[in-house]
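Okay, structure first, notes after.
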Amino acid sequence: MAKTAELIINGKSYKFPIVEGTENEIAVDISTLLEDSGAITLDLGYKNTGATKSAITFLDGDKGILRHRGYSIEELASMSSFLEVSYLLIFGELPNKDQLDKFSDDIKRHTMVHEDIKKILDGFPSSSHPMGVLASMFCAQTAFYPESLDPNRSAEGVYLSIVRSLAKMPTFAAWAYKNAMGHPVNYPDNSLNYCSRFLKMLYALPAEHYEVDPIVASALDKLLILHADHEQNCSTSTVRIVGSSKASIYSSISAGINALWGPLHGGANQEVILMLEAIKKDGGDVEKWINKAKDKNSGFRLMGFGHRVYKNFDPRAKIIKQTADEVLGKLGVNDPVLDIALKLEEVALRDPYFIERKLYPNVDFYSGIIYRALGIPVDMFTVMFAMGRLPGWIAQWKELRENKEPIGRPRQIYTGQNLRTYVPIGKR
Ligand code: CMC
């Protein structure tokens, strides 16, 4: 017998089907609620709302599980590459060697950016945050590839937009940084792999020989894998909701970049380092800062702590912490801020406030420390997150399109004034 849920509103009973996912998670399908009862649901921050059915990423926050297309994040981070994981997320299966070679070659063919986009870049003052510049350049692709605006684009056309997105993202990201430095931009060197190509564009200075450190490139590749997708988070839901209006892939992803920027989402990685630096400057009294985070009137939160879904541990944070140890060791970097981070984590994890609220370090807590060790400037941390999240956004945009999902349009409970009579300006 089909499982149902019963809801009684003002004494009248309504039945709704229960939908089950492949990992036995359940949802009450209330799609007929408004029509049947005249009521809507209210769920601020969508804490209990399933906005879609998706076959891309499975996440169990209580058990600390993260899987892409059925593969655990632990296996992918230790054995795969970022482009392989991108292929998996976007096309549903791990590629064989020929498929991966073709995907990688297709991406290499599109790494150059139209010179006129450089003119747009030149218009940004060097004080611009690279995230704003990145979002703008990404969206500007709609002007250079107007065919991407066609909502009925062929599968080949969509593939070309996907490849262009992945190919140009590192170029845009590196150029956003060069703009902030007031330096001339570098062009992509297609003899290099994805991360090395980005690093060379980021760091190389004119008239200087620049060799990419393979330790840095491989650490970056792992970091990008760890950020590649995370089901219906703020930026991904933004991409899906913008995409649901049949906006182009470039404008949908540009919206995702903007959503990621906020300090409660991807911007937290930048905030973590700023917080650790502030604690260091303040004398390193970790307890004082923990107390500040517990004081609701302070307006301060422990950045890199807590997660909407993970209530046990964030599996990405575990891998990143271990990677931070390895990378700092290999590069011979001794960062005093790491000691503060370790102490902060230790004290917070013993504190009833954090235990009761199930607040653990999230992916952003240690990622900033690695980025710093790799020489990546603080303003670029969230840009690195965006580079990593790109295949996830693409996969979710593609899935939404293939599933022919309806336009996203939530309801509201109106709490404003009732009907009033207009009073002309001189009589108010
Ligand atoms: N420091 C101190 N208290 C916190 C923190 C924190 N970092 N996070 C949550 N709390 C408290 C919060 O004040 C609330 O307490 P109470 O129940 O007494 O009112 C309780 O814990 C629940 O918090 P919430 O804001 O209702 O939880 P949420 O699920 O809406 O927010 C979060 C999740 C990630 C926005 C939040 O934990 C936070 O602001 N963390 C700091 C920012 C951060 O690290 N963000 C990166 C998230 S992971 C990367 C990504 O995917 O974006």
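All values below were derived from every heavy atom in this structure, side-chain atoms included, with hydrogens, water molecules and symmetry-related copies excluded. First listed ligand is number 1; within each ligand, the first listed atom is number 1.
Heavy-atom proximity to atom 52 (O) of ligand 1, evaluated over Met275, Glu271, His265, Lys47, is greatest for His265. In this comparison of Val309, Leu302, Asp314, the heavy atom closest to atom 6 (C) of ligand 1 sits on Leu302. Considering Arg308, His230, Lys292, Lys296 only, the shortest heavy-atom separation from atom 19 (O) of ligand 1 involves Lys296.
Aromatic ring orientation, Phe138 versus Phe172: perpendicular (interplanar angle above 60°, classes split at 30° and 60°). A tilted orientation is assigned to the rings of Tyr145 and Tyr250, their planes being inclined by 30° to 60°. In this pair, Phe305 and Phe354 present their aromatic rings perpendicular. The plane angle is above 60°, beyond the 30 to 60° band. Between Tyr159 and Phe91, the two ring planes are tilted [angle within 30° to 60°]. Between Tyr87 and Phe103, the ring planes lie perpendicular to each other; the angle is over 60°, past the 30° to 60° tilted range. Between Phe300 and Trp289, the angle of the ring planes goes over 60°, which puts this pair in the perpendicular group of the 30/60° scheme.
Among all non-hydrogen protein atoms, the one lying nearest atom 31 (O) of ligand 1 is Arg301 NH1, 4.3 Å. Among all protein heavy atoms, the one lying closest to atom 41 (C) of ligand 1 is Phe305 O, 3.4 Å. Atom 3 (N) of ligand 1 has Tyr353 OH, 2.8 Å as its closest protein atom, hydrogens excluded (heavy atom only). Among protein heavy atoms, atom 17 (O) of ligand 1 sits closest to Arg357 NE, 3.8 Å. For atom 42 (C) of ligand 1, the closest non-hydrogen atom of the protein is Met303 CE, 3.6 Å. Scanning the protein for heavy atoms near atom 49 (C) of ligand 1, the closest one is Asp364 OD2, 3.2 Å. Of all protein heavy atoms, the one closest to atom 5 (C) of ligand 1 is Leu359 CD1, 3.9 Å. In this structure, atom 47 (C) of ligand 1 lies nearest to the protein heavy atom Asn362 ND2, 3.6 Å.
Remark: aromatic rings of Phe385 and Trp261 are distant, center separation not under 6.0 Å.
The nearest protein heavy atom to atom 22 (C) of ligand 1 is not closer than 4.0 Å.
Within a 6.0 Å sphere centred on CD of Gln322, other residues, nucleotides and ligands contribute 12 heavy atoms or fewer. Around the CG atom of Asp295, the shell of radius 6.0 Å holds more than 12 heavy atoms that belong to other residues, nucleotides or ligands.
Using a cut-off of 4.0 Å between Lys/Arg side-chain N and Asp/Glu carboxylate O, Lys398 and Glu402 are scored as salt-bridged.
Listed by number with element, the atoms of ligand 1 under 4.0 Å from a non-hydrogen atom of Gly304 are 43 (C), 44 (O). Distances below 4.0 Å separate heavy atoms of Ala268 from the following atoms of ligand 1: 43 (C), 44 (O), 45 (N), 46 (C).
Ligand 1 has at least one atom lying under 4.0 Å from a heavy atom of Leu264. For the pair Ala293 and ligand 1, a heavy-atom separation below 4.0 Å is found.
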